[in-house]
Amino acid sequence: MNIDLHIHTTASDGSKTPAQVVREAEEAGLKVISIADHDTTGGVAEALEAQADHDVTVVPGVEISASHTLGEVHILGYWMNLQDPAFQAFLERPRLARGPRIAEMCKRLSGLGLGVRPEEVFEVAGGAESVGRPHLARVLFEKGYAKDMEEAFQKYLRKGTPGYVKRTKNSTADTIAMIHQAGGISVIAHPGLLKDPKLLDRLIEEGAMGLEVLCHEHEAETVEKFSNLADSKGLLKTGGSDYHGDMLDKTFSLGDLKVPYQYYLDLNSARERTHLEPRR
Ligand SMILES: [Zn+2]
Ligand SMILES: [Zn+2]
């Protein structure tokens, strides 16, 4: 029995709706999944509703982009109270800054002779709550300014290129604290991608409760390293595919990554404990 605790939907930059994801997960034989969209819990309700018709348990989740002086970090949160107004306001903060950011990037690109309007970007995003560079890349590609989305990124959108505008982000410490305050469990996403190894220690000091040990980015020895680290530090272990549907280069399907059901059981019992004990 396998699970997948890291899946994106159309609520952020995935190509499948939450209901489609639940159906696909069942077909793939997954017993538990988490909808963990970028900086929004907007897809969770639909997935929870869909689980009634399928043999899949849905864990409410989120993947928050947070900043630390040592680098950018993605922090997963599970089982937060989604109705918590402080938590939703926290997620909303960087999102509110996205409109002006897209507008500024379009202005810069237009200055380079690439006619792109913010409305076109929002249209491509199709109502997704998190609108960002992938959507802008798609517009650049569709208008013939780049041969594919990758080239659009490399030439115009990545850090250090003329179209890049820095994003407003919440700090890692605030993010971890906010997940806990809303009753959730905090997990460091794909830790193998952290640029500075010292960052992991800082995040553990800030109270991160778990490590995403299993993911497509980790080679077998990386999985073993993080698994041992989690065991030695008393951290929870999770795993997820970071599935985005067809929007990114699709090199795997739901269910390809084998994440043991035991991870879910451990996470679930930690969740029950944290409701009794005060958080770090
Ligand atoms: Zn991520
Ligand atoms: Zn992700």
Side-chain angles (χ1 to χ4, degrees), residues 3-18 20-22 24-25 30 32-44 47 58-68 70-80 91 94-95 98 125 128-135 137 149 153 157-159 167 169-172 175-176 179 184-196 199-200 203 208-219 222-223 226 237-257 259 263 267:
I3 65 172
D4 188 336
L5 297 175
H6 188 158
I7 299 177
H8 295 271
T9 74
T10 46
S12 64
D13 58 351
S15 70
K16 304 278 170 76
T17 65
Q20 283 172 328
V21 164
V22 172
E24 257 186 54
L30 294 168
V32 181
I33 61 167
S34 181
I35 302 300
D37 276 305
H38 294 290
D39 305 300
T40 177
T41 56
V44 172
V58 173
V59 174
V62 69
E63 181 178 31
I64 302 177
S65 299
S67 65
H68 189 282
L70 295 176
E72 187 187 320
V73 183
H74 287 177
I75 297 172
L76 295 158
Y78 298 113
W79 285 304
M80 294 71 49
L91 292 183
R95 210 183 298 153
R98 278 181 177 164
E129 283 192 41
S130 57
V131 182
R133 288 183 296 167
H135 304 110
M149 285 175 65
F153 250 96
L157 300 174
R158 77 181 155 79
K159 205 172 169 178
R167 213 171 120 183
K169 285 200 196 97
N170 288 310
S171 76
T172 53
T175 300
I176 292 166
I179 289 170
I185 289 178
S186 59
V187 171
I188 302 164
H190 39 70
L193 298 183
L194 293 177
K195 296 227 166 61
D196 189 329
L199 192 43
L200 198 55
L203 296 170
M209 297 169 72
L211 288 182
E212 190 179 51
V213 165
L214 276 169
C215 62
H216 283 296
E217 284 85 2
H218 292 170
E219 305 284 338
T222 313
V223 171
F226 288 126
K237 290 181 276 194
T238 74
S241 65
D242 213 352
Y243 184 66
H244 280 76
D246 306 315
M247 193 155 167
L248 297 179
D249 293 343
K250 197 179 174 187
T251 51
F252 63 87
S253 303
L254 266 187
D256 285 359
L257 186 77
V259 181
Y263 284 7
L267 208 61

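Just so you know, ligand 1 is whichever comes first in the structure, and atom 1 is the first atom listed for that ligand. As a basis for the values below, the full set of heavy atoms in this structure was taken, side chains included, without hydrogen atoms, waters or symmetry mates.
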For the Zn ion (ligand 2), the closest N/O/S atom belonging to Asp242 | OD1
Centroid-centroid distance, His244 to His38, less than 6.0 Å | yes
For His218 and Val213, indicate whether the former's side chain and the latter's backbone hold a donor-acceptor pair under 3.5 Å.
-> yes
Answer yes or no as to whether an N/O/S atom of His38 is found below 2.8 Å from the Zn ion (ligand 1).
-> no
State, yes or no, whether a side-chain contact exists between Leu200 and Phe226 at a heavy-atom distance under 4.5 Å.
-> yes
Taking the N/O/S atoms of His74 one by one, which is nearest to the Zn ion (ligand 1)?
-> ND1
Have a look at Glu63 and say which of its N, O or S atoms is nearest the Zn ion (ligand 2).
-> OE1
So which heavy atom on Val44 is nearest to which on Pro60, and how close?
-> CG1-CB, 3.7 Å
Verify the distance test for His8 against the Zn ion (ligand 2): any N/O/S atom under 2.8 Å, yes or no.
-> yes
Would you call Leu257 and Tyr243 a side-chain contact if the rule is heavy atoms closer than 4.5 Å?
-> no
The Zn ion (ligand 2) reached by His6 (N, O or S, under 2.8 Å) | yes
